[in-house]
Amino acid sequence: MWHRSSEVFVLMGTAVDAATRDTNGSLIEKNPTVVFVLGGPGSGKGTQCANIVQHFGYTHLSAGDLLRAEIKSGSDNGTMIQNMIKEGKIVPSEVTIKILQNAMLESGNDKFLIDGFPRNEENRAAFEEVTKIVPAFVLFFECSEEEMERRLLGRNQGREDDNIETIRKRFKVFVESSIPVVEHYKSRGKVRKIDAAKPIEQVFQAVKTVFTVHNDKAVA
Ligand SMILES: Nc1ncnc2c1ncn2[C@@H]1O[C@H](COP(=O)(O)OP(=O)(O)OP(=O)(O)O)[C@@H](O)[C@H]1O
Ligand SMILES: Nc1ccn([C@@H]2O[C@H](COP(=O)(O)O)[C@@H](O)[C@H]2O)c(=O)n1
Ligand SMILES: [Mg+2]
């Protein structure tokens, strides 16, 4: 239930401004298909999402990429987001959800891979509460920390968080905050686990099977 509270609308304790409420109304009408793509830092989420887009017509929304774009745009939240990313911390849900909602609406598509979100229980509960969207399934890339660390240190994309100190913090946040989200969806039969330690092409073969089965079920 929505309550008007001066300039903001409050839904079950979540403060959302009027623009977000309007965006949300349009999103609900679209009834989009959402797949959450989760896995540790460097497990290969972005790499595989690029392949899925080519084969299955989804729009790829990386929460991390969108937050980095928000920093570059000079937004009021830029400095706060930059500090959180440098420390491997999770940005408050209301900020990330608003950015995701806008990106979903702007895309014009109705099928989304949401990569790196939800990162914690607060992200998960707030997204479901605000958008009313339940994911079709959760693609979960499983990989050892040793392999993920090797990949991140070799990535060379100039990311401020790809240094050993921040990488260790990101691993800790992943274990403590993100794994419980995976467990939540696992208990609801929504998790499709992929062995992400294999070479890129082999990982994609397994990913393709998941999406093909999903599509076959949708038309059956
Ligand atoms: N299966 C794989 N085998 C070896 N290297 C891989 C594999 N998948 C991705 N990589 C490489 O590992 C690095 C990290 O991959 P990617 O950026 O896709 O990970 P990510 O899960 O999106 O990471 P982050 O959470 O930090 O955004 C990249 O340099 C990528 O080329
Ligand atoms: N839901 C999210 C997603 C990301 N962040 C922050 O961005 C950093 C990088 O994310 P990647 O998915 O690109 O690795 C991450 O460590 C967080 O600081 C977030 O706050 N919330
Ligand atoms: Mg990524």
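Both counts, for ligands and for their atoms, begin at 1 and track the order of listing.
Within the cation-pi definition used here (under 6.0 Å to the ring centroid, within 45° of the axis), Lys193 does not qualify as a partner of Phe140.
For Lys198, the closest heavy-atom approach to ligand 1 falls below 4.0 Å. Taking 4.0 Å as the cut-off, Gly116 does not count as a neighbour of ligand 1 on heavy-atom distance. Using a 4.0 Å cutoff on heavy atoms, Arg170 counts as a contact of ligand 1.
For atom 17 (O) of ligand 1, the closest non-hydrogen atom of the protein is Arg155 NH1, 2.8 Å. The protein atom (non-hydrogen) at minimum distance from atom 25 (O) of ligand 1 is Lys45 NZ, 2.7 Å. The nearest protein atom to atom 9 (C) of ligand 1, hydrogens excluded, is given as Thr47 OG1, 3.4 Å; this is a heavy-atom distance. Looking only at protein heavy atoms, the nearest one to atom 23 (O) of ligand 1 is Gly42 N, 3.0 Å. For atom 7 (C) of ligand 1, the closest non-hydrogen atom of the protein is Ile200 CG1, 3.4 Å. Scanning the protein heavy atoms around atom 11 (C) of ligand 1, the nearest turns out to be Arg151 CD, 4.3 Å. Of the protein's heavy atoms, Gly46 N, 3.0 Å lies nearest to atom 22 (O) of ligand 1. Among all non-hydrogen protein atoms, the one lying nearest atom 27 (O) of ligand 1 is Arg159 NH1, 3.1 Å.
Under 4.0 angstrom from ligand 1, the non-hydrogen atoms of Leu152 all belong to its side chain. Contacts between Pro199 and ligand 1 below 4.0 angstrom, taking non-hydrogen atoms only, involve the backbone exclusively. Under 4.0 angstrom from ligand 1, there are no non-hydrogen atoms of Gln48.
A salt bridge is defined here as a Lys NZ or Arg NE, NH1 or NH2 lying under 4.0 Å from an Asp or Glu carboxylate O, and Lys98 with Glu94 fails to meet this definition. A salt bridge is absent between Arg159 and Asp65: the closest approach of a Lys/Arg side-chain nitrogen to an acidic carboxylate oxygen does not fall below 4.0 angstrom.
Ring centroid separation for the pair Phe36 and Phe127 comes in under the 6.0 Å cut-off.
Among Asn83, Asn77, Ile81, the one residue that satisfies the side-chain contact (heavy atoms from CB on, under 4.5 Å) test with Ile71 is Ile81.
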Kindly print each ligand 2 N/O atom paired with any protein N/O atom under 3.5 angstrom away, one pair per line, or none if nothing qualifies.
unit_1: ligand 2; atom_1: 1 (N); unit_2: Gly116; atom_2: O; d: 3.1
unit_1: ligand 2; atom_1: 1 (N); unit_2: Asn123; atom_2: OD1; d: 3.2
unit_1: ligand 2; atom_1: 10 (O); unit_2: Arg119; atom_2: NH2; d: 3.2
unit_1: ligand 2; atom_1: 12 (O); unit_2: Arg119; atom_2: NH1; d: 3.0
unit_1: ligand 2; atom_1: 12 (O); unit_2: Arg119; atom_2: NH2; d: 3.2
unit_1: ligand 2; atom_1: 13 (O); unit_2: Arg68; atom_2: NH1; d: 3.3
unit_1: ligand 2; atom_1: 13 (O); unit_2: Arg68; atom_2: NH2; d: 2.9
unit_1: ligand 2; atom_1: 13 (O); unit_2: Arg159; atom_2: NH1; d: 3.2
unit_1: ligand 2; atom_1: 13 (O); unit_2: Arg159; atom_2: NH2; d: 3.3
unit_1: ligand 2; atom_1: 14 (O); unit_2: Arg119; atom_2: NH2; d: 3.3
unit_1: ligand 2; atom_1: 14 (O); unit_2: Arg159; atom_2: NH2; d: 3.0
unit_1: ligand 2; atom_1: 18 (O); unit_2: Lys89; atom_2: O; d: 2.6
unit_1: ligand 2; atom_1: 20 (O); unit_2: Val91; atom_2: N; d: 2.7

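In the vicinity of Ser43, heavy-atom distances shorter than 4.0 Å reach the ligand 1 atoms 21 (O). Less than 4.0 angstrom separates some heavy atom of Pro41 from each of these atoms of ligand 1: 25 (O).
Between atom CZ of residue Arg170 and atom CG of residue Leu152 there is a gap of 5.0 Å, rounded to the nearest 0.5 Å. Here the straight-line distance linking atom OG1 of Thr96 with atom CD of Glu70 works out to 9.5 Å at 0.5 Å rounding.
Put simply, the side chain of Asn109 gets close to the backbone of Gly57: a donor and an acceptor are under 3.5 Å apart.
Around NZ of Lys169, the count of heavy atoms belonging to other residues, nucleotides or ligands within 6.0 Å exceeds 12. Other residues, nucleotides and ligands contribute more than 12 heavy atoms inside 6.0 Å of the CD atom of Glu183. In Asp216, the CG atom is crowded: over 12 heavy atoms of neighbouring residues, nucleotides or ligands sit closer than 6.0 Å.
In plain terms, the two heavy atoms of His60 and Asp115 that are nearest each other are NE2-OD2, 2.8 Å. Nearest approach of Glu128 to Pro135, heavy atoms of both residues: OE2-CD, 3.9 Å.
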For Phe204 and Phe211, what are the C-alpha separation, side-chain angles and deciding distance, and is it a ring-ring contact (aromatic ring centres under 6.0 Å, His included)?
-> CA-CA 10 Å; Phe204 189 55; Phe211 279 86; 8.6 Å; no
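Taking any N or O of Glu147, backbone or side chain, none lies under 3.5 Å from an N or O belonging to ligand 1.
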